[in-house]
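Read the structure below first, then the notes.
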Amino acid sequence: MARVPAAALHALAEVMNSIRNAPRALIHRHRTRRTSTTVELASRRRPWTRAVGLVAVVLLGAWLGLLIVGDVRVPVGPMNTTMTLRPSVSGGTKINVSPLGALQLDSHVAPVRLDVNVDQLDPDRAQALVDHPERLSGLQDEVAQDVERGTLDLAVRSCVAVVTGATALGLAVYRRPRRALAAGGLALTLLLASGGTAYATWNPDSVLEPRFSGLLSSAPSLVGDARSIVTEFDVYQKELARLVTNVTKLYDVTSTLPAYQPDPTTIRVLHVSDIHLNPASWKIIASLVEQYKVNVIVDSGDTMDHGTAAENGFLDPIEDLDAPYVWVRGNHDSRVTQKYLEGLKNVHVLDDGRARTVAGLRFAGIGDPQYTPDRSKPDGAEASQELAGARLASALRDQRAAGTPVDVAIAHEPSAAREVDGEVPLVLAGHLHREDMEVMKYGTRLRIEGSTGGSGLRAVEGEYPDPIQASILYFDRDSRRLQAWDEIKLGGLGLTTAEVSRHLPKENQPGATPSPTGTGPSPTGRTPTPTTPSPPPP
C-alpha cells in the first residue's frame, strides 16, 4: 500500500479546515457588515433628527415671544390701535374693529400676518380735526406716516421678542448656551427672511379690495366701490369730516350725561324684542353681552316670523350666548316655537304668570294670547290682551302674598302690560317696533323695546328702514330696582349709524330725593305713592 506523503496530507487538512470555517467566516462578515451599516445609518439619521428638533424649538420659542411682548400701541390719525405680528400660512393684514367686525387685506404673502386692533377713538385728536378741517387734506399722509412708524417699531420689537423667545426655549430644552444661541440666530434669520418676503410681495392696492366680516360685512354696499373713493377723494373728505364730527358729538354728549357709574355688583339686563328672524341679531346680542357684561337677556317676543317648525333652527344660537335667556311668546311665535325653546339649555320660558328667579332678579311673564303671523287683527283682540294682562296681574299678587314679589314682569303687547300697573315696579314689552318709556298712573314703569331685528323683512316695506334697537337695564342688587338704562340704536338696512344714550329715573337724577322703595298702589283701591318733583330727564 503506497504511502501518502506527509506534505500532501498537511495540504489536504488545510483545505478541509478552510471549507469547514467558511460558513462561520461568512456569518461573521455579514454581522460585521450589518453592524457597520446600522451604525452608519444611525449616524446619518441623527443630524436630521437634531435639525427637526431645533426647528421645532425655534418656531415654538418665536411664537411664544411674539405672544408675550410682540405688540405695539400706535396712534393712527384720531384712533388708538394695537399692532401685532402673528404666525400665518398665507400672510396678509387683519384689521379688527370691535365690536363691529373685521376686514382682511391681501397685503403680502409671507408666514407672518399683521393684526391691527382699533381700540378706541381719541376724542381730543378727533376734536382737533373738527376744529381745523383744513387738516383733513393731510390726514391720508398723516395716517400713512403713523402706520409706517408703528410698523418699524413693531419690526424691532418683534425681532427682540423672537430672538429672546427662541433663545430662552433653546436653553431650557438643550441646556447648552451654544445650542440656545443657535436657536436665537436661526429665529432671527427666519424673521428677517419673512420680512424680506413680505416686502417683496407687498401689494398696496390690497386696500381697494378688502374682505369684511361681522357687522362690517355690509360695508361694501354702504361705502360703494373703494376705487370711486380714491378717484373722488374730495367727497370722501367731506364724509370723513361728517363722521368724525358726529362721533365727537357723541363723546361730548356722553361726557355731560348724569353721573352714573354702575359698580361690579350691578345686575345688567339686556332687553331685546321683535327679532323677526334677522340672523344679524344674534351677533349683535352676543357683542352686547360681551361689551356690557350682561347677566341676563330678556326677549319680549316675536323672535320668529311665522312660528313654523322649519324656522326652529334659527333659535339654536341662543345656546351659545353667554347669559341666561328669559323669553315670552309674541303674536308671531307659535306653541311649536315655545316648545322648541323650552328644550334649549339656558332658556327660561315664562307663560301664564309663571315666575322664576334668574341672575338675582325675579321675573314673571305671559305669552301673547293671539297667534297672528299674517298680522291680522281678529275681533276681540284688544279684549283678549287685557284679559291676559289681568291674569298676569293676578299671578303677581299671588307671588307677593307668598312672600316672593316679582321684580320685572314681561308681556309682548303693551296693552297687556298696562294691566299690571301697581303690581310690579317694572314691566317690559315690545310689539310696536319703537322704543318708549312711561311711568303709569299707579307707579309701575312700562318699558317698550324697539325691534332688535330691525323689523326683519318688513324693513324693506317702508320708505326708511327701521333701526335695530336694544337696551341695557341696570338694577341695584340689593333693592333690585332700576337705576339707569342705556338705549342702543344701530342704523337699519343700508345704514351705518350707532347711537347710545344714557337715561336715569327721576329719583336717581342729581339733586332728587329718592322715592319710596315700595311698589306703587294697584288700581284696586290703594292710593298712589307720591314722588318728589325733580328736573326733567336728559
Side-chain angles (χ1 to χ4, degrees), residues 50-77 79-98 100-119 143-174 179-214 216-217 219 226:
R50 289 180 179 178
V52 171
L54 181 60
V55 171
V57 168
V58 167
L59 294 179
L60 181 58
W63 179 65
L64 292 175
L66 287 177
L67 284 181
I68 296 173
V69 294
D71 60 353
V72 174
R73 297 188 180 277
V74 182
V76 177
M79 297 174 293
N80 294 326
T81 68
T82 301
M83 294 184 177
T84 311
L85 282 182
R86 289 286 181 260
S88 173
V89 177
S90 58
T93 300
K94 183 177 181 181
I95 302 175
N96 298 301
V97 188
S98 179
L100 300 179
L103 62 148
Q104 294 181 339
L105 309 176
D106 295 328
S107 56
H108 61 276
V109 179
V112 289
R113 184 187 73 201
L114 175 62
D115 285 357
V116 181
N117 294 316
V118 179
D119 299 327
V143 169
Q145 292 174 1
D146 292 340
V147 172
E148 181 179 359
R149 183 170 58 252
T151 304
L152 291 176
D153 190 7
L154 179 62
V156 173
R157 184 169 297 194
S158 297
C159 288
V160 175
V162 163
V163 172
T164 302
T167 302
L169 187 60
L171 189 62
V173 173
Y174 297 114
R179 288 281 182 86
L181 292 175
L186 180 58
L188 180 60
T189 302
L190 291 176
L191 182 62
L192 293 177
S194 300
T197 304
Y199 180 79
T201 59
W202 181 256
N203 178 23
D205 293 335
S206 62
V207 71
L208 301 179
E209 298 179 351
R211 296 190 304 275
F212 297 88
S213 61
L216 291 177
S217 58

From [X] atom [atom1] to [Y] atom [atom2], the distance as rounded to the nearest 0.5 Å:
{"X": "Leu114", "Y": "Lys94", "atom1": "CG", "atom2": "NZ", "value": "12.5 Å"}
{"X": "Thr84", "Y": "Leu154", "atom1": "OG1", "atom2": "CG", "value": "7.0 Å"}
{"X": "Leu181", "Y": "Leu186", "atom1": "CG", "atom2": "CG", "value": "12.5 Å"}

Q) Would you say His108 and Thr93 make side-chain contact, with heavy atoms under 4.5 Å? A)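 They are in side-chain contact.
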Tell me the closest heavy-atom pair linking [X] and [Y], and the distance in Å.
{"X": "Gly170", "Y": "Ala180", "answer": "C-CB, 3.9 Å"}
{"X": "Pro111", "Y": "Ser194", "answer": "CG-OG, 3.2 Å"}
{"X": "Leu169", "Y": "Val57", "answer": "CD2-O, 3.5 Å"}
{"X": "Leu188", "Y": "Val162", "answer": "N-CG1, 4.4 Å"}
{"X": "Ala166", "Y": "Val58", "answer": "CB-O, 4.1 Å"}

Q. With no hydrogens and no angle check, is any side-chain donor or acceptor of Thr201 less than 3.5 Å from a backbone partner on Val109?
A.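 Between the backbone of Val109 and the side chain of Thr201 there is a qualifying donor-acceptor contact (under 3.5 Å).
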